[in-house]
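Have a look at the structure below, then the notes.
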Amino acid sequence: MLATRASTATRLARSFATVVDTKASGIKVAAVDNGQPTSAVTFLVKAGSRYEPSPGAAHALKNFAFKSTTKRSTLGTVRESELYGGVLSASLSREYLSITSEFLRGDESFFTSLLTSILTTPKFLPHEYSEYVLPVVRDEATLASQTPSTVAVEAAHALAFRTGLGASLFAGPHIPVSLDSVKSFAKEAFTSGNIAVVGTGIDPARLAELVDKALAETSLPTSSPLSPAPSKYFGGSTRIDSHEGPATVFFGFGTTTPSAGLSVLSAHIAPTQSLKYPTVPHSSTTVTPVHLPYSDAALTGVLVQGPDAKSVKEAAKGVVDKLKKPLTVEELKIAVARAKFGAAAAVEGREGLTDAIGSKVGCLVRGFVTSSARLLRWTNVDAATISKTVSELTKATPTFVVVGDVKTLPYADEIGL
């Protein structure tokens with residue numbers, strides 16, 4: 001019994017993820033296997049919106065995932081995956097295009113080969129672009145434009161960083177995206193230097209072997225990784241008239257020096273509800289923390305939404321007052337604990353684990369990545385750290401976005417910014 005407990009503790013302490021290099025292709029692979037009955041493999045490509053050569057190219061490229069390749073048609077990809085009971089998905093962030101397959105343990109050979117073929121032999125057929133890709137791109141862009149929280153966060157990025165990280169995740173309604181621009185972007189991004197592979201429920205050595213085997217059939221071009229221009233924070237204010245959804249205000253700050261203090265500050269000024277099912281009715285006005293770290297920058301702030309301009313203004317002003325007030329010892333302890341819990345809880349899910357590993361896989365060396373090491377970054381956060389973080393943030397121009405009735409929603413100075 002004691003031996004079992006000791007071995008379990010050792011395994012949990014060190015098996016958060018294991019990083020290995022593929023022998024033939026040179027692609028970095030990171031994986032964790034906790035013995036679950038299902039597995040997942042994600043190919044992370046440096047093809048996020050910050051890298052796109054023209055607006056909307058990354059959004060269109062994401063929706064070209066799982067279309068025809070030289071090995072399979074679109075229908076063949078779907079039907080074969082269904083036979084294995086697998087689930088295929090693609091998602092886009094500002095830095096990565098993620099192409100994922102989830103499947104029963106033991107089917108990793110087929111799905112690794114399938115994902116590899118999407119990157120090595122895509123056909124980019126014109127009829128699929130017009131019939132399958134563009135309609136989905138338009139629908140996703142339309143839905144985003146009708147969701148105030150998404151509109152606010154997208155506008156905040158544009159104000160904060162302008163180019164690069166300021167590029168939208170969605171194609172614009174009035175800016176056409178050509179098939180040639182998508183193909184050109186894929187040619188630049190789908191190279192060995194821009195790709196990493198993340199697995200869950202699979203042995204890392206086994207995954208590296210499968211990646212090498214798949215790439216032995218059809219290899220990826222070799223090139224240096226895409227290197228975007230360094231991010232620079234600007235800030236600013238914009239007001240977007242909308243009659244969709246609740247009155248919305250986003251305000252925050254950006255920085256090109258991300259730190260643990262930012263996540264602690266975010267946990268303090270807009271804490272999540274500790275009681276999952278409170279006895280007191282929820283307020284109709286919500287205050288949601290927004291903390292978005294990137295490889296060379298971060299955007300942190302608060303999204304306030306409510307039924308009317310008055311309630312939103314009052315809630316936003318309360319958050320600003322809290323931001324300016326020094327933390328007590330107890331408040332700091334609570335904020336650090338919340339930040340640690342949020343980070344730890346995020347990696348319990350497959351998507352959060354992939355994000356956590358993938359965001360650093362390109363700069364990791366061969367070996368173990370432990371969850372304890374991930375949490376060490378908050379150890380030295382104290383009141384002085386938070387005070388310095390607030391001082392540095394507030395010296396810069398705030399990023400302020402309102403979405404709704406622009407005649408009644410507050411201006412930045414009216415909430416104390």
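With sequence neighbours left out, the ring pair (Phe, Tyr, Trp, His ring centres under 6.0 Å) criterion links Phe110 to Tyr84. Residues that satisfy the side chain to side chain donor-acceptor pair (under 3.5 Å) test with Lys62, not counting sequence neighbours, are Glu140.
We find the OG-CD distance between Ser387 and Glu392 to be 10.0 Å, quoted to the nearest 0.5 Å.
Between the Ser181 side chain and the Val177 main chain, no donor and acceptor come within less than 3.5 Å of each other. Side-chain N or O atoms of Arg105 include one that pairs as donor or acceptor with a backbone N or O of Gln36 at under 3.5 Å. Judged purely by atom type and a 3.5 angstrom limit, Glu244 has no side-chain atom pairing as donor or acceptor with the backbone of Ser242.
Sorted by first and then second residue, the pairs that involve residues 115-126 and meet side-chain hydrogen bond (donor to acceptor under 3.5 Å, both in side chains), not counting sequence neighbours, are Thr70-Thr121.
For the residue pair Ser101 and Leu115, the shortest heavy atom distance occurs at OG-CD1, 3.4 Å.
The shortest side-chain heavy-atom distance between Leu125 and Tyr132 does not fall under the 4.5 Å cut-off. Residues Pro307 and Thr285 are in side-chain contact: their nearest non-hydrogen atoms beyond the backbone lie under 4.5 Å apart. Side-chain contact between Val264 and Thr385 is absent, with no heavy atoms from C-beta onward closer than 4.5 Å. Between Leu262 and Leu393, the closest side-chain pair of non-hydrogen atoms falls below 4.5 Å. In this structure the side chain of Lys340 reaches within 4.5 angstrom of the side chain of Val336, judged on heavy atoms.
Partner Asp321 forms a salt bridge (charged side-chain N to carboxylate O under 4.0 Å, His left out) with one of Lys325, Lys324, Lys317 and no other, that one being Lys317.
The neighbour count for Glu131 CD, taken as heavy atoms of other residues, nucleotides or ligands under 6.0 Å away, is above 12. Other residues, nucleotides and ligands contribute more than 12 heavy atoms inside 6.0 Å of the CZ atom of Phe124.
Using a cut-off of 4.0 Å between Lys/Arg side-chain N and Asp/Glu carboxylate O, Lys46 and Glu188 are scored as not salt-bridged.
Between the side chains of Ser149 and Thr147, no donor-acceptor pair is found at a separation under 3.5 Å. Of the N and O atoms on the side chains of Tyr294 and Ser93, not one donor lies less than 3.5 Å from an acceptor on the other residue.
For the pair Arg239 and Tyr411, the cation sits on the ring face: its NZ or CZ lies under 6.0 Å from the ring centre, inside 45° of the axis.
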